Chemist: 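One structure, as structure tokens, below. Some questions next.
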Number of protein chains: 2
Amino acid sequence: MKEKITIYDIAAKLNISAATVSRALNGNTKISDTTRKLVLEAAENMNYEQNKLALALKSGKSKNVGVIVPHIDRSFFSGVIRGIEEELNSNGYRVIICQSYDTEEKEIESINALLNAQVDGILMSISNLTSDLDYILNKTVRKGVPLIFFDRKQDLKGVSTVTINDYEGGYQSTQHLINEGCKNIAHLRGSKRLEIYNDRCKGYKQALLDNGFEFKEEYVIETKSKIDEGAEAVQKLFKLPTPPDAIFSSSDFVALGAIKELKKMGVKVPEEFSVVGFGNDPFTQFMELSISSVDQFPTEMGKITAKVFLEQINSPGEIKIEKKVVLTPKLWIRKSSTKKDV
Amino acid sequence: MKEKITIYDIAAKLNISAATVSRALNGNTKISDTTRKLVLEAAENMNYEQNKLALALKSGKSKNVGVIVPHIDRSFFSGVIRGIEEELNSNGYRVIICQSYDTEEKEIESINALLNAQVDGILMSISNLTSDLDYILNKTVRKGVPLIFFDRKQDLKGVSTVTINDYEGGYQSTQHLINEGCKNIAHLRGSKRLEIYNDRCKGYKQALLDNGFEFKEEYVIETKSKIDEGAEAVQKLFKLPTPPDAIFSSSDFVALGAIKELKKMGVKVPEEFSVVGFGNDPFTQFMELSISSVDQFPTEMGKITAKVFLEQINSPGEIKIEKKVVLTPKLWIRKSSTKKDV
DNA sequence: CTGTTAGCGCGTTCAA
DNA sequence: TTGAACGCGCTAACAG
């Protein structure tokens with residue numbers, strides 16, 4: 001009972017060849033009904049289970065895909081992974097998780113490990129735009145391993161991407177704040193090394209210009225996605241000759257930190273100051289002062305990323321389609337940016 | 001450049017045998033320095049990379065471990081996975097994720113898939129206590145695949161577990177509420193089919209008894225970990241002849257729902273009513289009215305679970321140690337249960 | 001319809 | 001110190 005049984009064991013028992021057993025098990029048509037039934041029955045009795053590893057070695061397909069994210073325990077990423085897992089699992093694939101901790105070394109290390117493990121594809125959200133990563137990413141593409149970026153992408157030939165329209169998200173948020181009557185809108189942005197933050201900022205800027213507002217450099221502060229940084233940014237902004245009366249933040253955590261700091265300073269949100277975040281982290285709607293935020297639909301993004309992978313892997317020829325899917329974000333308007341009487 | 005290169009390719013190039021190449025690559029001592037250098041150099045030049053799949057088939061060790069959780073996007077579980085990944089990754093293992101959606105079918109399906117994929121171990125948080133699952137779990141143990149439960153366990157011979165002391169968490173929370181002067185403490189519990197909720201409830205009950213309080217069945221309501229259920233439970237409790245003045249909830253979400261409902265009803269928290277949650281979900285500390293909650297230290301739990309697995313896999317003999325690790329929870333006292341003047 | 005052979009890529013005997 | 005041969009478990013090609 002403790003032994004692993006193979007097709008040879010069942011072949012021996014039935015005095016037939018392993019090939020026949022294999023055929024019977026795989027529903028091959030060219031086999032007699034009698035022997036098929038015999039094999040199936042024996043397999044059942046002997047508790048036979050296919051060794052996917054051998055199959056993988058033989059076929060060159062491991063039925064595993066690697067997913068690389070900065071941190072698995074950020075709600076956005078765990079949501080994406082959820083979607084990927086749901087979609088891929090029902091298609092017979094398993095998902096291998098790697099965390100890059102936003103570092104390039106870990107990222108490269110993970111890619112190499114996944115490649116050595118013979119994954120059938122790699123779905124990732126890159127840490128930042130660097131050329132060092134290019135080498136290995138190109139290697140991946142050359143090897144013929146489908147590579148797909150989600151959310152945080154990088155332009156690379158032969159690589160499909162699934163993102164949301166960050167520009168649109170930035171534009172919508174800013175337009176909303178303008179509609180609410182805000183006159184001086186600041187922007188707390190993320191790293192300049194990531195496209196998503198550049199795009200959100202562009203959307204912010206364009207919305208300002210389209211409405212006849214001035215774009216002021218000093219209103220844009222770069223932050224990391226941490227609560228403290230939101231508080232610090234508010235401090236900086238209020239030292240300006242003309243402090244803003246609204247913030248569009250590229251991060252919900254930064255938005256939260258900003259709101260907490262404003263409250264500490266006695267500035268009333270949303271009456272005197274409006275705030276919009278990004279990411280629609282669950283906590284934004286739990287707060288007594290719920291925070292307006294842009295939904296990135298993480299689970300959907302994960303599912304679509306998985307689908308793009310499946311399409312690619314199932315595409316007939318050697319020609320790899322380079323697909324660029326762009327989802328439309330949705331701004332959830334909540335209390336933090338809704339003035340009572342405007 | 002597109003071909004996969006094997007040890008045979010480099011053997012051919014050097015006019016030596018593949019066995020020698022293998023030895024050189026693996027740092028086998030019985031090999032001359034000259035050939036070793038030759039091999040290493042050639043491997044470097046030819047961009048050789050080991051196919052872990054072949055190694056896995058040969059050795060019987062895939063260096064993959066499976067992790068099964070109800071949902072990956074709940075902060076507790078994503079935290080645990082983070083810990084597992086961190087610990088195992090640095091030990092050369094990769095983590096395969098499966099979601100059970102709290103259903104037994106999916107759980108069984110996942111275990112079978114993982115077993116077929118020849119994982120070296122399975123770390124899981126079970127959906128509930130059922131005998132149907134027993135069969136397959138026992139099979140896993142019999143096959144010699146290390147199985148470890150974290151958080152939601154089930155007593156099974158040969159299976160190690162890593163949990164927190166849920167009884168203690170329940171006791172502490174209740175004691176705290178008593179210390180705050182609450183007289184009628186209700187308990188919103190989770191499914192009776194899960195040990196963790198039974199234990200938390202036992203802790204709650206014992207704390208009541210130890211303090212000379214009466215344990216009332218009608219003060220205990222079973223809920224699912226959803227916001228709405230917290231609100232519903234509050235409605236029920238306030239229909240009782242003697243409504244409670246405090247709630248110890250086994251879920252942060254339920255606690256949140258309760259608080260929102262209380263507020264809606266005009267009941268002041270914490271002045272008139274105290275609430276303690278469980279899980280220390282990040283949002284509990286973000287709220288303006290921060291929620292007291294019991295920390296389960298998910299990342300640490302994940303790391304320890306991984307360590308127990310590593311110990312087990314590295315234990316010399318065939319004797320599998322059955323280890324029971326119990327972590328101590330920590331109650332974070334916040335505004336939702338701190339009366340201003342008591 | 002079925003059996004034989006071969007090979008996926010690797011490490012590990014057993015000889016030499 | 002090195003090479004030849006084998007096996008991990010499976011499927012595909014080629015015979016018959």
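Lettering of chains follows the sequences in order, A, B, ..., and the numbering in each one begins at 1. As the structure is a prediction and not an experimental result, all values here were calculated from the model.
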Chemist: Separation of A:Ile7 atom CD1 from D:dA12 atom P, in whole Å?
Modeler: 11 Å
Chemist: Flag the pair A:Glu104 and A:Lys106 as a salt bridge only when some basic side-chain nitrogen lies within less than 4.0 angstrom of an acidic carboxylate oxygen.
Modeler: no
Chemist: Closest approach of B:Ile10 and B:Ala42, non-hydrogen atoms and distance?
Modeler: CD1-CB, 4.0 Å
Chemist: When the C1' atoms of the five terminal pairs at each end define the local axes, what inter-axis angle does the helix from C:dC1-D:dG16 to C:dA16-D:dT1 show, to 10 degrees?
Modeler: 50°
Chemist: Find the distance B:Leu14:CG to D:dG3:P and express it as a whole number of Å.
Modeler: 10 Å
Chemist: Starting at the 5' end of DNA chain D, which residue's closest nucleotide do you reach first, B:Ile31 or B:Ala54?
Modeler: B:Ile31
Chemist: Taking atom OG1 of A:Thr6 and atom CD of A:Gln50, what is their separation to the nearest 0.5 Å?
Modeler: 12.0 Å
Chemist: How many Å lie between NZ on A:Lys4 and C1' on D:dC10, as a whole number?
Modeler: 14 Å
Chemist: Would you mind reading off the distance between A:Lys58 atom NZ and D:dC10 atom P, rounded to a whole angstrom?
Modeler: 13 Å
Chemist: State whether the number of non-hydrogen atoms from other residues, nucleotides or ligands found under 6.0 Å of B:Lys13 atom NZ is greater than 12.
Modeler: no
Chemist: Compare every heavy atom of B:Ala117 with every heavy atom of A:Leu53, then report the nearest pair and how far apart it is.
Modeler: CD1-O, 3.9 Å
Chemist: From CD1 of A:Ile16 over to P of D:dT11, roughly how many Å is that when rounded to an integer?
Modeler: 13 Å
Chemist: Are any of the side-chain nitrogens in B:Arg74 or B:Asp102 under 4.0 Å away from the carboxylate oxygens of its partner?
Modeler: yes
Chemist: So, for A:Ser100 and A:Pro70, which heavy atoms are closest and what is the spacing to 0.1 Å?
Modeler: OG-CA, 3.3 Å
Chemist: How many Å lie between CG on A:Leu55 and P on D:dA12, as a whole number?
Modeler: 9 Å
Chemist: Would you call A:Lys157-A:Glu322 a salt bridge at under 4.0 Å N-O?
Modeler: no
Chemist: Per the ring pair (Phe, Tyr, Trp, His ring centres under 6.0 Å) rule, what does the pair list look like for residues 60-106 of chain B, sequence neighbours excluded?
Modeler: B:His71-B:Tyr101, B:Tyr93-B:Phe309
Chemist: Looking at A:Tyr48, does any N or O in its side chain come under 4.0 Å of the phosphate oxygens OP1/OP2 on D:dC10?
Modeler: yes
Chemist: Might you confirm whether atom NZ of B:Lys324 has over 12 heavy atoms from other residues, nucleotides or ligands at distances under 6.0 Å?
Modeler: yes
Chemist: Check each residue of residues 17-26 of chain B for a non-hydrogen atom within less than 4.0 Å of any atom in DNA chain D, then write out the ones that pass by number, or none.
Modeler: B:Ser17, B:Ala19, B:Thr20, B:Arg23
Chemist: Apply salt bridge (charged side-chain N to carboxylate O under 4.0 Å, His left out) to B:Glu195 and B:Arg152, showing your working.
Modeler: CA-CA 7 Å; B:Glu195 254 189 50; B:Arg152 303 169 167 202; over 6 Å; no
Chemist: Using a strict 4.0 Å threshold on nitrogen-to-oxygen distance, state whether A:Arg36 and A:Glu41 make a salt bridge.
Modeler: no
Chemist: Would you grab the first and last nucleotide of DNA chain C (5' to 3') that comes under 4.0 Å of any non-hydrogen atom in chain B?
Modeler: C:dG9 to C:dT13
Chemist: Which residue pairs pass the side chain to side chain donor-acceptor pair (under 3.5 Å) test when at least one of the two sits in residues 298-310 of chain B, sequence neighbours left out?
Modeler: B:Glu86-B:Lys303
Chemist: Please list, in numerical order, the residues of residues 33-44 of chain A that have a heavy atom closer than 4.0 Å to any atom of DNA chain C.
Modeler: A:Thr35
